[in-house]
Amino acid sequence: MKLNVSKFVWFDGKLVTLERAKVPITTHAIHYGTSIFEGIRGYWNGKNLNIFRLDDHVKRFRRSGQFYSISLNYTDEQISNAMKSLCKKNKMRQSCYIRPFYFVGQYGINLHVTEDAPVHAAMFMFPFGDLFNKNGISAGISSWRKFSDQSTPPLAKMGGNYLNSILATQECKRNGYDEAIMLDLHGNISEAPGENIFMVKNNVLTTPPLSSSALDGITRDSVVRLAEDLNYTVKEEEITRGQIYTADEVFLTGTAAEIIPITQVDKKRIGTGKAGKITKEITSSYLDIVMDRNHNHADWITPVY
Ligand SMILES: Cc1ncc(COP(=O)(O)O)c(C=O)c1O
């Protein structure tokens with residue numbers, strides 16, 4: 001995927017051009033994956049650019065580093081303001097994706113990462129449309145299991161964690177699927193490489209609990225709340241592979257992916273083989289919120305201009 005990264009980026013507190021934001025080859029994060037990142041969407045509705053759930057992303061951003069004693073040396077307000085300034089500096093007037101991250105800089109080959117390790121923070125952005133086909137995609141269950149809290153915490157959005165996602169994605173593409181679904185170490189459904197998963201059966205929505213090694217996705221939380229607004233029952237419960245095969249609807253949620261129907265798993269048709277009714281209803285509620293047409297969750301969007 002070729003990104004059209006916007007001209008200005010934010011690096012250690014300053015807005016600079018992309019070319020000027022460089023790191024040395026001795027950077028610890030390149031060697032050991034000691035980086036923390038977020039992915040955040042901004043939605044342009046013709047009048048304003050609305051950043052979706054900015055505060056929640058910033059909170060998770062800081063929390064992820066705490067697992068490893070890697071500190072974000074900026075306040076929540078500074079990070080939020082930096083994101084808004086970055087959008088303005090780039091005169092962004094289309095829907096976009098913002099990628100803030102922080103990482104351990106020059107710290108030798110030392111694995112004893114402490115609060116004293118040098119940490120740099122940066123963010124860049126680019127215009128962004130759909131990641132997947134919104135009408136529905138195919139998925140294959142990966143033979144790579146999602147790592148568990150017994151090895152590294154899945155709740156930390158760390159660069160190094162995504163090696164597991166890369167293996168699952170490579171396997172699913174090799175097998176001709178659009179996306180992978182990963183099982184946890186017990187064989188229950190966990191999540192996709194970069195998205196949470198939901199299934200619908202008899203009008204009840206179920207998503208795996210965080211104990212199934214799923215990330216505490218912000219879109220996942222939004223979908224739970226939107227489904228409840230629509231008076232659906234939502235459960236956080238372990239899901240077996242067989243339950244996914246026999247679900248009425250399956251969909252993924254994530255910042256980059258948004259809400260994506262899965263219409264086939266392991267070449268078996270899910271429900272009617274088309275995006276399901278409840279998936280469509282929730283997608284429509286989500287779009288109304290992010291486009292600022294429905295003010296029920298007005299605190300979920302932060303206008304830039
Ligand atoms: C592993 C993983 N699971 C789930 C998600 C979805 O989380 P969110 O909705 O907060 O983007 C992401 C993306 O951030 C992810 O990387």
Side-chain angles (χ1 to χ4, degrees), residues 1 33 35-43 51-65 67 83 95-102 123 125 128 130-132 137 139 142 144-149 151-170 172 179-185 188-199 205 207-227 234 236 239 250-260 262 279 282-283 285-287 289-290 297 300-302:
M1 192 197 303
S35 62
I36 292 103
F37 71 95
E38 276 296 321
I40 308 180
R41 267 193 189 260
Y43 288 92
I51 304 182
F52 186 59
R53 297 197 67 171
L54 177 57
D55 295 348
D56 298 297
H57 279 284
V58 173
K59 280 197 194 102
R60 187 174 65 187
F61 192 41
R62 183 178 307 285
R63 203 167 59 231
S64 290
F67 288 90
M83 256 180 265
S95 291
C96 58
Y97 182 95
I98 310 167
R99 165 57 57 87
F101 58 107
Y102 56 108
M123 56 185 82
M125 65 185 307
F128 200 36
D130 292 347
L131 181 68
F132 290 117
I137 61 169
S142 175
W144 291 102
R145 294 292 175 97
K146 172 83 196 209
F147 61 87
S148 87
D149 211 39
S151 44
T152 44
L155 290 181
K157 218 167 146 46
M158 300 289 296
N161 282 357
Y162 285 79
L163 294 172
N164 184 225
S165 295
I166 288 170
L167 287 171
T169 303
Q170 288 172 333
C172 95
E179 184 56 308
I181 295 174
M182 300 175 81
L183 304 178
D184 68 14
L185 293 187
N188 294 312
I189 301 289
S190 174
E191 60 176 352
E195 299 90 29
N196 291 107
I197 188 165
F198 284 78
M199 66 165 222
L205 287 87
T207 191
L210 302 185
S211 54
S212 291
S213 299
L215 184 76
D216 54 343
I218 290 167
T219 323
R220 172 185 184 269
D221 176 68
S222 310
V223 162
V224 168
R225 291 163 66 181
L226 292 175
V234 186
E236 257 193 42
I239 300 177
V250 175
F251 62 89
L252 301 180
T253 63
T255 297
E258 302 171 287
I259 300 168
I260 289 295
I262 300 262
T279 310
I282 291 171
T283 304
S285 300
Y286 173 87
L287 287 175
I289 304 273
V290 299
H297 295 280
W300 284 0
I301 57 171
T302 304

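As the structure lists them, so they are numbered: ligands from 1, and atoms in each ligand from 1. The first residue in the sequence is number 1, and the count goes up from there.
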Open item on the list: For T219, is there any backbone N or O sitting under 3.5 Å from a side-chain donor or acceptor partner on N196?
Closed with: no
Open item on the list: Run the side-chain contact (heavy atoms from CB on, under 4.5 Å) test on E258 and D130 for me, step by step, so that the C-alpha distance in whole Å, both residues' side-chain angles and the decisive distance to 0.1 Å come before the verdict.
Closed with: CA-CA 8 Å; E258 302 171 287; D130 292 347; 3.9 Å; yes
TODO: Would you sort out whether V58 and M83 count as a side-chain contact (heavy atoms from CB on, under 4.5 Å), showing the intermediate values?
DONE: CA-CA 10 Å; V58 173; M83 256 180 265; 4.2 Å; yes
Open item on the list: Which protein residues come within less than 4.0 angstrom of ligand 1, counting heavy atoms only?
Closed with: R60, K157, Y162, E191, P193, G194, E195, N196, L215, G217, I218, T219, T253, G254, T255
TODO: May I ask you to check whether over 12 heavy atoms, not counting those of W144, lie within 6.0 Å of atom CH2?
DONE: no
Open item on the list: The criterion is ring pair (Phe, Tyr, Trp, His ring centres under 6.0 Å); which residues satisfy it with F61, sequence neighbours excluded?
Closed with: Y102
- [ ] Mind checking the CZ-CG spacing from F198 to L252? Nearest 0.5 Å is all I need.
- [x] 10.0 Å
